2 protein chains.
Amino acid sequence: MSLDIQLPPRERLLQAAVELLANSDGAPVSTRKITELAGVTAPTLYHHFGDKEGLFDAVVAVGFEQYVASEMDLEPTGKPLDDVRRMWDQHVRFGIEKPHLYLVMFGKVRPGNRSNRVSEAEALLRGKLDRAAEAGHLNVPPADAVRSIMAANIGVTLMLISEPEKERNFELSDMTRDAVITAVSSEAGIADSATPVGASSVVVAAIALNAALESSNPQQLSNTEMKMFLEWLHRISKTT
Amino acid sequence: MSLDIQLPPRERLLQAAVELLANSDGAPVSTRKITELAGVTAPTLYHHFGDKEGLFDAVVAVGFEQYVASEMDLEPTGKPLDDVRRMWDQHVRFGIEKPHLYLVMFGKVRPGNRSNRVSEAEALLRGKLDRAAEAGHLNVPPADAVRSIMAANIGVTLMLISEPEKERNFELSDMTRDAVITAVSSEAGIADSATPVGASSVVVAAIALNAALESSNPQQLSNTEMKMFLEWLHRISKTT
DNA sequence: CTAGCACCTATAGCATTGCTATATGAAGGG
DNA sequence: CCCTTCATATAGCAATGCTATAGGTGCTAG
């Protein structure tokens, strides 16, 4: 059950850790399984990484480089806030595509003890937001904007990860993203692209009616009629 | 080192678990320490709770009742969205005051496997948001609003918990809270504040939707569908 | 009063976990 | 050729979650 024999043990340990982490559905991965899969014994692991956490740090460092790279691949659009939006999306995508890595990086919260990865990710965002502030696009200090955006971004990603794949609704991400970015930005008209003003009153009314119907069942329509009516109502309240 | 001797072992186990959890700074708590502090041996724990996770579930259930109680103590303000704001604040406060409990309840994310507590907390919010929707204060379906608010709320709380107490800046919470709530709300309100919350809200909402549809023709329904839809809408708004 | 029964608790121990004290092998410089 | 240094292995420790089994303890039925 051992891995490729030609790589040096250090690399095989990393590779084994990544592989086991990916197939373990969030359950803890034992050092024994790792060393076994790597075809190595325990002291080798501790010689190279000192610690189980050291090994995972190394794994996470690799993952974080992928993350940073994916954020850096984006060419600046010229509008810093649009860059921020794309970084948000990249963050979410990374979390969805590598949930195990993401959870090791962002999922283990300890009281009064913020993780390095969060700080590093914040620093990336901070760069863009500083430029946004220079351009006069922020109405709060960049430090505050960073924390709000980061908190929401992580919260949304964790929620999406925790949902069954089929139920995942990425509108949650777009909606929340635009909400927090709009709130920290001084540009008034940003929400326009998300919610066309012309349709909004229809949508609001449809949502209100839908809610009202669910709380009290009127007799004016038959069951089949009501079913179809709700279906159409639902279609109307979907802005997209 | 044992606890009060007069309580039944089950309660002593719970109490010991809570106490150790509170003083362990997020580090894992062993069943041995728990049973030792409770003055009980291992099988007693497994007899009552089946599992370590079972014990923690019981602990969390108690914590969740406190949480729910703190949310329920709030008297409705009459403005559902203000209630939502206060629930947000209560959520954050709970997380800050009992970080250990909060992390057990909301901190352990598993891919594709949402925690019960999140769903239950969502249900609480959902109630208020449904009423907001009935009153025409919502811009998006309540289900979407709930997820966005909840994700941001948890994200913010986790971030605040992970920060050293001195650096905690609660503006982060207020700012993000208002950002997401504003984003899902239609501040104008379709029928304004005149919309009563009762059986007649169906009629009011139907009338509002009718008016909105007449002023703008959405593309989500075909002509024949729209015709029938309007007919039914009319029928609903006629009678009580 | 006693026998049986259900419930609760204890003794002792298993398998797995992260980690290490110590020893062995190989590679290179004097 | 020896000696140092790095890398890996042997064997085992202490702590963990959990359990097979047996021993009380109190209640009800005869």
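Keep in mind the model is a prediction, meaning the values are calculated, not measured. In what follows, chains are A, B, ... by sequence order, proteins preceding strands, each numbered from 1.
D:dA14 atom C1' lies 12 Å from atom CZ of A:R32, rounded to whole Å. If you take CZ of B:F56 and C1' of D:dC18, they are 15 Å apart, rounded to a whole angstrom. Here D:dG17 presents its C1' atom at 9 Å from CG of B:D51, a figure rounded to the nearest Å. Taking atom NE2 on A:H48 and atom P on C:dG18, their separation rounds to 18 Å, with Å as the unit. The NZ atom of B:K52 sits 9 Å away from the P atom of D:dT16 (whole-angstrom rounding). Between A:E11 atom CD and D:dT8 atom P the separation is 11 Å, expressed in whole Å. The interatomic distance linking B:L20 (CG) with D:dT16 (C1') rounds to 15 Å, in whole Å. For the pair B:H47 NE2 and D:dT25 C1', the computed distance is 13 Å after rounding to whole Å.
Ring geometry for A:F106 versus A:H91: interplanar angle of 30 to 60°, hence tilted.
Distances shown here put a side-chain N or O of A:S30 below 4.0 Å from the OP1 or OP2 atom of C:dT17. Listed pair A:Y46 / C:dT20 fails the phosphate criterion, with no side-chain N or O lying under 4.0 Å from OP1 or OP2.
Residues A:R12 and A:Q15 have side chains that never bring a donor and an acceptor to within less than 3.5 angstrom of each other. Defined by atom type and a distance below 3.5 Å, a donor-acceptor pair is missing between the side-chain atoms of A:T41 and A:T35.
Closest contact between the side chain of B:T41 and the listed nucleotides C:dC8, C:dC19, C:dT11 involves C:dT11. Considering only side-chain atoms of B:T31, the nucleotide from D:dG17, D:dA9, C:dT9 that sits closest is D:dG17. Considering only the side chain of B:V40, C:dA10 comes nearest among C:dG18, C:dA10, D:dA9.
Looking at A:Q90 and A:S70, their side chains come closer than 4.5 Å, going by heavy atoms from C-beta outward.
Across all strands shown, A:P28 has no heavy atoms under 4.0 Å from either base or sugar-phosphate atoms.
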- Quick one: do B:D89 and B:R86 satisfy salt bridge (Lys or Arg N to Asp or Glu O under 4.0 Å)? Show the steps, please. CA-CA 5 Å; B:D89 290 342; B:R86 294 200 305 180; over 6 Å; no
